[in-house]
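First the structure, in the form of structure tokens, and then the observations on it.
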Amino acid sequence: MAQTYIGSTLRTGSDTLTDTVDGGYVVVSQTGTVTTVAAGTATSVSFTLPAYSQIINFFVDMLTVPSFGTATTVPVTIGTVASGTQYLSATDASLVGRTSLTFTSAQLTSMSDIGATQTVVFTADPNGTLSSQGVFRLTITYAQKV
């Protein structure tokens, strides 16, 4: 599939675009996957977002169901470093196809403007060993505002 690159913020509207006129930002996305390992150690995937973007939402999808050994859950986190929780606290992603996410006020504030921090890390960390690997996909939707 072909990809299009836009080198700066893309805005839409019906008038001269300023912050006080009916212009808006285009919502874009990035996606990546993590594959759990049999030993049950944490695995992560990193994304680089444009500075000062607003994260709109995260979608966590289980693509391949893991078989449990001693593990009973596969908690996932989203932060600025591996196992970080700046955007999502540990949430079990092993029970459904798409995990229903909830955020704290502090996490929503962090998502509203990521500042100069550009790295977002999605981590899957089973609470024990696995008999077979699971695959989890994270899709980030965000608006580039600068």
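Here salt bridge (Lys or Arg N to Asp or Glu O under 4.0 Å) pairs that include residues 120-136, with residues two or more places apart or in two chains, number zero. The list of salt bridge (Lys or Arg N to Asp or Glu O under 4.0 Å) pairs with a residue in residues 44-64, not counting sequence neighbours, reads Asp61-Arg98, Asp61-Arg137. Residue pairs meeting the salt bridge (Lys or Arg N to Asp or Glu O under 4.0 Å) criterion with at least one member in residues 33-48, sequence neighbours excluded, do not occur.
Looking at Thr85, its side chain never comes within 3.5 Å of a backbone N or O of Leu88 through a donor-acceptor pair. Distance alone, capped at 3.5 Å, is enough to place a donor-acceptor pair between the Thr70 side chain and the Thr129 backbone. Listed for the Asn127 side chain is a donor-acceptor partner under 3.5 Å among the backbone atoms of Thr72. Checking side-chain atoms of Thr91 against main-chain N and O of Ser89 turns up a donor-acceptor pair under 3.5 Å. Between the side chain of Gln133 and the backbone N or O of Val37 there is no donor-acceptor pair closer than 3.5 Å.
Between the side chains of Gln30 and Thr139, no donor-acceptor pair of N or O atoms lies under 3.5 Å. Of the N and O atoms on the side chains of Asn57 and Thr141, not one donor lies less than 3.5 Å from an acceptor on the other residue. A side-chain N or O of Ser67 and one of Ser132 form a donor-acceptor pair less than 3.5 Å apart.
The two atoms that bring Phe58 and Leu101 nearest to each other are O-CD1, 3.3 Å, heavy atoms only. Scanning both residues, Ala93 and Phe136, for their nearest heavy atoms gives O-CE2, 3.3 Å. Of all heavy-atom pairs between Thr99 and Asp92, the closest is CG2-O, 3.8 Å. Between Thr36 and Ala124, the shortest heavy-atom distance links the atoms CG2-CB, 4.2 Å. Residues Asp113 and Tyr52 come closest through the heavy atom pair OD1-CA, 3.3 Å. In terms of heavy atoms, Ala143 sits closest to Ile56 at N-CG1, 4.2 Å.
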Ser131/Phe68 under side chain to side chain contact (heavy atoms under 4.5 Å, CB included): CA gap, chis, key distance, verdict: CA-CA 5 Å; Ser131 298; Phe68 293 112; over 6 Å; no
Stepwise side chain to side chain contact (heavy atoms under 4.5 Å, CB included) test for Thr33 and Leu63: CA-CA 9 Å; Thr33 61; Leu63 304 178; 4.0 Å; yes
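No continuous path of hydrophobic side-chain contacts links Phe47 to Phe59 [ILVMFWY only; heavy atoms under 4.5 Å]. If you chain together hydrophobic residues whose side chains sit under 4.5 Å apart, Val45 and Val120 fall into the same group.
In this structure, the side chains of Ser29 and Ile140 stay at 4.5 Å or more apart for every pair of heavy atoms. Taking 4.5 Å as the limit, every side-chain heavy atom of Ser53 sits out of range of all side-chain heavy atoms of Lys145. Counting heavy atoms from C-beta outward, Tyr142 and Gln54 have side chains that stay 4.5 Å or more apart. At least one side-chain heavy atom of Ile78 sits less than 4.5 Å from a side-chain heavy atom of Leu138. Residues Thr80 and Val121 have side chains not in contact (no heavy-atom distance under 4.5 Å, counting atoms from C-beta outward). Taking the side chain as every heavy atom from C-beta outward, Ser44 and Phe122 never approach each other to under 4.5 Å. Side-chain atoms of Leu49 and Ile114, non-hydrogen and from C-beta on, do get closer than 4.5 Å to each other.
With values rounded to the nearest 0.5 angstrom, Gln86 atom CD is found 10.5 Å from Thr104 atom OG1.
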